[in-house]
Amino acid sequence: MQLGFLVDLHLCMGCKGCEIACKVENEVPLSTWRLRVKYVDVGMFPETKRTFTPLRCNHCANAPCERICPVSALHYIENGIVNIDKERCIGCAGCVMACPYGAIYIDPETQTADKCTYCAHRVASAMMPACVVACPVEANIFGDLDDKTSNISKYIQQHQGDVQVRKPEKGTFPHHYYVGGGNVHLNPLASDRVEGYSLFNKLTNKMPVGGHH
Amino acid sequence: MVHETVAATHAVVTLDVGLPGIVWGWIITMNMWAKSIGTGVIFMLFYLLKKYPHEAAAYRFKAVLVSVIAIHVFLFFTVIDLHQMFRFWHIFFHPHFTSAITVGAWMATLFVGLLLVLLYASFIKKDNVFFDKVLAWTVVLAIPVTLYTAALMAQSTAREMWQMPTEAAQMIFAATLSGSAVMILMGKTLSYEAKRDLGIILAFSALGAFILYMSELVFGPMKAEEVAAVLEFIKGNGEYATMFWMGQIVAFVAPFILVVLAILNRSTSILNLASISALIGLWISKHVWLVIPQLLNMS
């Protein structure tokens, strides 16, 4: 079994439902994200378009984070998911340096590395990841890439030529695919980041607010 | 290519999370800097004992002591950089040997063990023959201990600018630069000839490292757009441009010129000045090179 993800960017409308569902399901602390939806505006008024790209761990076949982890806190499980054992993690941040997708962060509460696990705990109970359930337009497609009859395999077959991964030149062989993605969606260098225009870029309090510590 | 695309599309990120910031900062710089001294001093002691055995004999204990201190500074900063520093023992009890961190930790531990044996041989046993035998093995182990950080940077797949074998060469140059600088400053009773040799090692290490940095600066952007984007931080009005050039001048250019002047004037004072300059500049140049790839958003 090799679990994988596919996001149809033609369908995604940037509602961030997946992002919130992930936050709630995995109790992701403030200022950190396992999954986020990036907005990029393209063109000049009146010819403008907004693009939405959900970004999460790619669960690579040749995962640099798994290789660099000194204590095997990041490890593969049988279904191909790159999982993390937060009790074993020493917080060296090697994985943060190694992940070409910026998908790993240091959890400010546990002081260990954390990332999307494709909701491995839900998958183990035969449930879909929280983000898949929350998506109102079924843009997130999750399933077994080794099973030719799975939805994700069929989707890939039907959209041949329009299926892409992020940074294929890195040789990580991601198990996370995008349909309908362009350079602007998938290449972080293909868009400008103007200081002050992004949410949370001036965040100073990294602890949860509201007295819940 | 992407730069032209941005100009055409006017693509601007309008909603996203902030940049994660510097994860490996000055603590890791201290780690690399202290390790360079710790292994470099051992390389220089070995050279001096081969070339100037009589006058270098008095430095067996002193040089090893400096190495022990520097390596413990390196280990201290390595551990305090861990977000869960009290779990550092996991590296020994749950080791994952594909990681350069694991391999490096094990080798550094063995290196410390050999240094302690050298201290015992020079201070308690006072057995120079035994010392020299152990020193040969310590020098052999000092090579991979010096290089493992380069392997770690190479394994940091996200940071395109940290390439092998360039980083490996930089680590060796850093060790010979800092090792020779420390020995020059420490070697009060060394002859001018011995100090001159150390100065030449320092000058060529500085020259080699400078050539590598300049090559990366000029040719790196031609190979990868990520490298080009990172190097913008040290070019023109880049955020780290001043610090980068300060590091290059203080670590490499000034020491090289000072060593030439010192040899022309047979001046050990100028050699001392070159050494101090090299040690300060090395920290700065290492720091800039460590930090700038982390300023680039990966997604």
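In this text, all values refer to a predicted model and were calculated from it rather than measured experimentally. Per chain, numbering begins at 1; letters A, B, ... match sequence-line order.
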- For chain B, find which of Asp41(A), Thr53(A), Val42(A) contributes the most heavy-atom pairs closer than 4.5 angstrom. Asp41(A)
- Message: Checking Ser299(B) against Arg36(A): is there a side-chain donor and acceptor pair closer than 3.5 Å?
- Response: yes
- Message: Between Asn297(B), Asp81(B), Ile101(B), who has the most heavy-atom pairs with chain A when the cutoff is under 4.5 Å?
- Response: Asn297(B)
- Test side chain to side chain contact (heavy atoms under 4.5 Å, CB included), reference Arg193(A), set Val13(B), Val12(B), Thr14(B), output is Val13(B)
- Message: Report which part of Trp89(B) has an atom under 4.5 Å of a heavy atom belonging to chain A: side chain, backbone, both, or neither.
- Response: neither
- Query: If you look at every heavy atom in Ser99(B) and Cys69(A), which pair is closest and at what distance?
  - Reply: CB-O, 3.6 Å
- Determine, step by step, whether Thr112(A) and Arg87(B) satisfy the side chain to side chain contact (heavy atoms under 4.5 Å, CB included) criterion, reporting the C-alpha distance in whole Å, the side-chain angles of both residues, the deciding distance to 0.1 Å, and the verdict. CA-CA 11 Å; Thr112(A) 57; Arg87(B) 293 184 188 170; 3.6 Å; yes
- Heavy-atom closest contact (Lys38(A) atom, Asp16(B) atom, distance): CD-OD2, 3.4 Å
- Check the surroundings of atom NZ in Lys223(B): do more than 12 heavy atoms from other residues, nucleotides or ligands lie under 6.0 Å from it? no
- Task: Give, for atom CZ of Arg159(B) and atom CE of Met97(A), the distance between the pair rounded to the nearest 0.5 Å.
- Result: 4.5 Å
- Item | Per-residue contact mode, Ala229(B) against chain A (heavy atom under 4.5 angstrom) | side chain
- Atom CD of Glu169(A): over 12 foreign heavy atoms under 6.0 Å: yes
- Item | Heavy-atom closest pair, residues Ile91(B) and Pro70(A) | CG1-CB, 4.3 Å
- Would you please test Glu226(B) and Lys170(A) for salt bridge (charged side-chain N to carboxylate O under 4.0 Å, His left out) and show each step? CA-CA 12 Å; Glu226(B) 274 182 37; Lys170(A) 295 285 185 185; 3.3 Å; yes
- Item | Distance-minimising heavy-atom pair for Val184(A) and Ala11(B) | CG2-CB, 4.0 Å
- Task: Could you look at Ile68(A) and say if it's the side chain, the backbone, both or neither that has a heavy atom under 4.5 Å from chain B?
- Result: both
- For Leu152(B), is it the side chain, the backbone, both, or neither that has a heavy atom closer than 4.5 Å to a heavy atom of chain A? both
- Identify which of Lys49(A), Glu47(A), His75(A), Glu66(A) forms the greatest number of heavy-atom pairs closer than 4.5 Å to chain B. Glu66(A)
- Just give me the residue among Ile90(A), Leu186(A), Asp192(A) that pairs up with chain B most often, heavy atom to heavy atom, under 4.5 Å. Ile90(A)
- Query: Is the side chain of Arg88(A) donor-acceptor paired with the backbone N or O of His90(B) at a distance under 3.5 Å, no angle test?
  - Reply: no
- side chain to side chain contact (heavy atoms under 4.5 Å, CB included) between Thr157(B) and Arg67(A), intermediate numbers included: CA-CA 10 Å; Thr157(B) 317; Arg67(A) 186 168 53 235; 3.7 Å; yes
- Please name the pair of heavy atoms, one in Gly102(A) and one in Met298(B), separated by the smallest distance, quoted to 0.1 Å. N-CB, 3.4 Å
- Is the NZ atom of Lys86(A) crowded by more than 12 outside heavy atoms at less than 6.0 Å? yes
